[in-house]
Amino acid sequence: MKLYLHYCGIVCALGDNHQDILRRLLDEAGSGVLPTDAWSSGRTLPLGQVTSTLPDISAMPLSMRSRNNQLALAALTQIRPALDAAIARFGADRIGIVIGTSTSGIASTEAALRQFSADASLPAEFHYGQQEMASPADFLAHVAGITGPAYVHSSACSSSAKAMASAARLIKMGLCDVVLTGGVDTLCAFTVAGFSALESVSDSLCNPLSANRHGINIGEGAALFLMSAEADSASSGVALCGWGESSDGHHMSAPDPAGGGARLAISQALQRAGISASDIDYINLHGTATPQNDAMESRVVHDLFGDAVPVSSTKPFTGHTLGAAAAVEAALCWLTMQSDNVQGRLPPHLWDAVADPQLPALNVVAHGQQLGRPIRYALSNSFAFGGSNAALILGRE
């Protein structure tokens, strides 16, 4: 059974529409990661902030009013007509929602606690429900009038990849005809401080695979897909062909250096897609620019694919969007796999080009590099804290 990703809504540091995002990704190779101290008082850090105007949600129930849900609605708005058509055709109870997030609306709680610290009162606009993990799925169901299964995955950086795998299972089990799936996460002081405490945050643009890499740039974004098993001539033609999930349980924050879990997730995705490693045209690396992740991932990729397949990390463009990362990066793959990209232009790898001699050599995508033909299969990796690993394979006939 093919599971088509018919429509895609995306908002991230590169923009809030397909045209602007592709232009900045492929034509300009321009990062959306910019310096700010908005979430790290007294310390300026490069962060992937969404700067576009977000939808007004002041008429929504108080428990649903968060910036996280605003980003989710911005992505939904791009594909709302197609979702409404699916509801009209199949019924609201046959549409599911599975979303990935890691912090939900905790930024609202941060603001509330700052006021409470100052005057022992909570803001009138605060509700504890704004930070609940289920909030994005509940909010989208409320906005769209969907009554089918609606839930959230929260497994750090693999969250939205696991959400998309769960969406596929809902359809394959016959529980849903269409699933709205993807991920959303927003910047907050909690994650910036947490990664800073782990000494994993870079003071400059992140530098994946480089000998000079020293940490991530955190970002925010949302990407949503309409998934179904039914072909639609009016939509993208891109399908979720395979996925793999594993948990290596090596360490709370560090990946298994041998990459056993990552290798298993990728191998499962290839097997489920019914293709071999040689069929993959492009790999979107997890590519966090942390020493241990890049070392593990590059070795696994080299072992499985050799040094010929083009690879890049798109996190220097968007920042690491945490629970939304897998969906945002799948969306970037989805955009480059559209039929008008006849030469197969690939997302470039933004770095200083100082390769780490301790890592195996990979075919790192240069600005302007292309396959000379459309991209048929793309692999996107996501490796999270706690050893939660996920891999997605997108394909196009």
Side-chain angles (χ1 to χ4, degrees), residues 3 5 8 10 12 14 21 25 100 153 155-168 181-183 185 208-209 219 221-225 227 236 238-246 259 261-270 272-273 275 277 279-288 293-294 296-298 300-301 304-305 309-338 341 344 346-349 362-365 375-384 388-396:
L3 297 162
L5 301 174
C8 173
I10 176 173
C12 63
L14 289 178
I21 291 170
L25 180 68
H153 274 279
S155 56
C157 312
S158 65
S159 298
S160 47
K162 294 178 72 64
M164 293 174 69
S166 289
T181 185
D185 241 335
L209 302 183
L224 299 175
F225 299 92
M227 180 189 293
S236 73
V238 177
L240 177 62
C241 297
W243 63 89
E245 301 170 87
S246 69
R263 183 178 286 103
L264 178 60
I266 295 170
S267 298
Q268 286 181 358
L270 289 167
R272 189 169 272 117
I275 62 175
D279 292 314
I280 296 294
D281 293 319
Y282 164 69
I283 299 175
N284 185 287
L285 300 172
H286 187 55
T288 59
N293 173 86
D294 287 12
M296 178 278 291
E297 185 176 19
S298 62
V300 170
V301 167
L304 291 175
F305 300 93
V309 62
V311 305
S312 69
S313 169
T314 49
K315 286 182 172 65
F317 286 96
T318 64
H320 187 345
T321 58
L322 304 180
V328 168
E329 290 159 24
L332 296 180
C333 292
W334 186 94
L335 287 172
T336 60
M337 295 176 75
Q338 297 308 298
N341 186 14
L346 300 170
H349 189 81
L362 299 175
N363 180 10
V364 177
V365 177
I375 303 167
R376 188 175 183 193
Y377 291 109
L379 166 69
S380 185
N381 292 332
S382 298
F383 307 129
S388 178
N389 308 296
L392 303 176
I393 293 177
L394 276 60
R396 165 176 202 104

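Residue numbers start at 1 and run along the sequence shown.
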Colleague: Evaluate the side-chain contact (heavy atoms from CB on, under 4.5 Å) criterion for residues Leu224 and Ile10: first the C-alpha distance (whole Å), next the side-chain angles of each, then the deciding distance (0.1 Å), finally the verdict.
Modeller: CA-CA 7 Å; Leu224 299 175; Ile10 176 173; over 6 Å; no

Colleague: Identify the two heavy atoms, one from Arg396 and one from Gln338, that lie closest to each other, and give their separation to 0.1 Å.
Modeller: NH1-CA, 4.1 Å

Colleague: Taking atom types as modelled and ignoring hydrogens, do the side chains of Thr321 and Asp185 form a donor-acceptor contact shorter than 3.5 angstrom?
Modeller: no

Colleague: Take Phe383 and Cys157, measure what side-chain contact (heavy atoms from CB on, under 4.5 Å) needs, and give me the verdict at the end.
Modeller: CA-CA 6 Å; Phe383 307 129; Cys157 312; over 6 Å; no

Colleague: Between Phe305 and Ile266, is any pair of side-chain heavy atoms under 4.5 Å apart?
Modeller: yes

Colleague: To the nearest 0.5 Å, what is the distance between CG (Leu14) and CZ (Phe317)?
Modeller: 7.0 Å

Colleague: So, for Gly287 and Asn293, which heavy atoms are closest and what is the spacing to 0.1 Å?
Modeller: N-ND2, 3.7 Å

Colleague: Quick one: closest heavy-atom pair of His320 and Thr288, and the distance?
Modeller: CD2-CG2, 3.9 Å

Colleague: Would you mind reporting whether Pro348 and Ser312 have side-chain heavy atoms less than 4.5 Å apart?
Modeller: no

Colleague: Please report the interatomic distance CE(Met227) to CE(Met164), rounded to the nearest 0.5 Å.
Modeller: 5.0 Å

Colleague: Between the side chain of Arg263 and the main-chain N/O of Val300, is any donor-acceptor distance below 3.5 Å?
Modeller: no

Colleague: Would you give the length of the straight line joining atom CD1 of Ile393 to atom CG of Leu270, rounded to the nearest 0.5 angstrom?
Modeller: 4.0 Å

Colleague: Using a 3.5 Å distance criterion without hydrogens, assess whether the side chain of Trp334 forms a donor-acceptor pair with backbone atoms of Leu5.
Modeller: yes

Colleague: Counting N and O atoms only, with roles assigned by atom type, does the side chain of Ser160 sit under 3.5 Å from a partner on the main chain of Gly323, one being a donor and the other an acceptor?
Modeller: yes

Colleague: Could you pull out the closest heavy-atom pair between Ile21 and Cys12, with the gap in Å?
Modeller: CD1-SG, 4.2 Å

Colleague: List the steps and the verdict of side-chain hydrogen bond (donor to acceptor under 3.5 Å, both in side chains) for Glu297 and Asn381.
Modeller: CA-CA 9 Å; Glu297 185 176 19; Asn381 292 332; 3.1 Å; yes

Colleague: Say whether, by atom type as modelled, one donor and one acceptor occur between the side chain of His349 and the main chain of Pro310 under 3.5 angstrom.
Modeller: no

Colleague: Only one of Leu362, Leu304, Ile283 clears side-chain contact (heavy atoms from CB on, under 4.5 Å) with Val309; which?
Modeller: Ile283

Colleague: At their closest point, which heavy atom of Ala327 faces which heavy atom of Ala223, and how far apart are they?
Modeller: O-CB, 3.5 Å

Colleague: Check whether any side-chain heavy atom of Lys315 lies under 4.5 Å from a side-chain heavy atom of Glu329, and answer yes or no.
Modeller: yes

Colleague: Calculate, to the nearest 0.5 Å, the distance between atoms CH2 and CZ belonging to Trp243 and Arg272 respectively.
Modeller: 5.0 Å

Colleague: Is any side-chain heavy atom of Leu394 closer than 4.5 Å to one of Leu240?
Modeller: yes

Colleague: Given side-chain contact (heavy atoms from CB on, under 4.5 Å), test Asn284 with Tyr282 step by step and report yes or no.
Modeller: CA-CA 7 Å; Asn284 185 287; Tyr282 164 69; 3.4 Å; yes

Colleague: Quick check for you: to the nearest 0.5 Å, what is the distance between His286 atom NE2 and Ser380 atom OG?
Modeller: 10.0 Å

Colleague: For Pro347, which of Thr336, Leu335, Val311 qualifies under side-chain contact (heavy atoms from CB on, under 4.5 Å)?
Modeller: Thr336

Colleague: Mind running side-chain contact (heavy atoms from CB on, under 4.5 Å) on Ile280 and Ile275 for me, showing each step along the way?
Modeller: CA-CA 8 Å; Ile280 296 294; Ile275 62 175; 3.8 Å; yes

Colleague: Report the distance from atom CD1 of Ile375 to atom SG of Cys333, rounding to the nearest 0.5 Å.
Modeller: 7.5 Å

Colleague: Can a donor-acceptor pair be found between the side chains of Ser166 and His153 at a distance below 3.5 Å?
Modeller: yes

Colleague: Out of Ser158, Ser155, Ser246, which one pairs with Asn389 under the side chain to side chain donor-acceptor pair (under 3.5 Å) rule?
Modeller: Ser246

Colleague: A side-chain contact here means heavy atoms from C-beta on lying under 4.5 Å apart; do Leu332 and Thr318 qualify?
Modeller: yes

Colleague: Which pair of heavy atoms, one from Leu209 and one from Ser298, lies closest together, and at what distance?
Modeller: CD2-CB, 4.3 Å

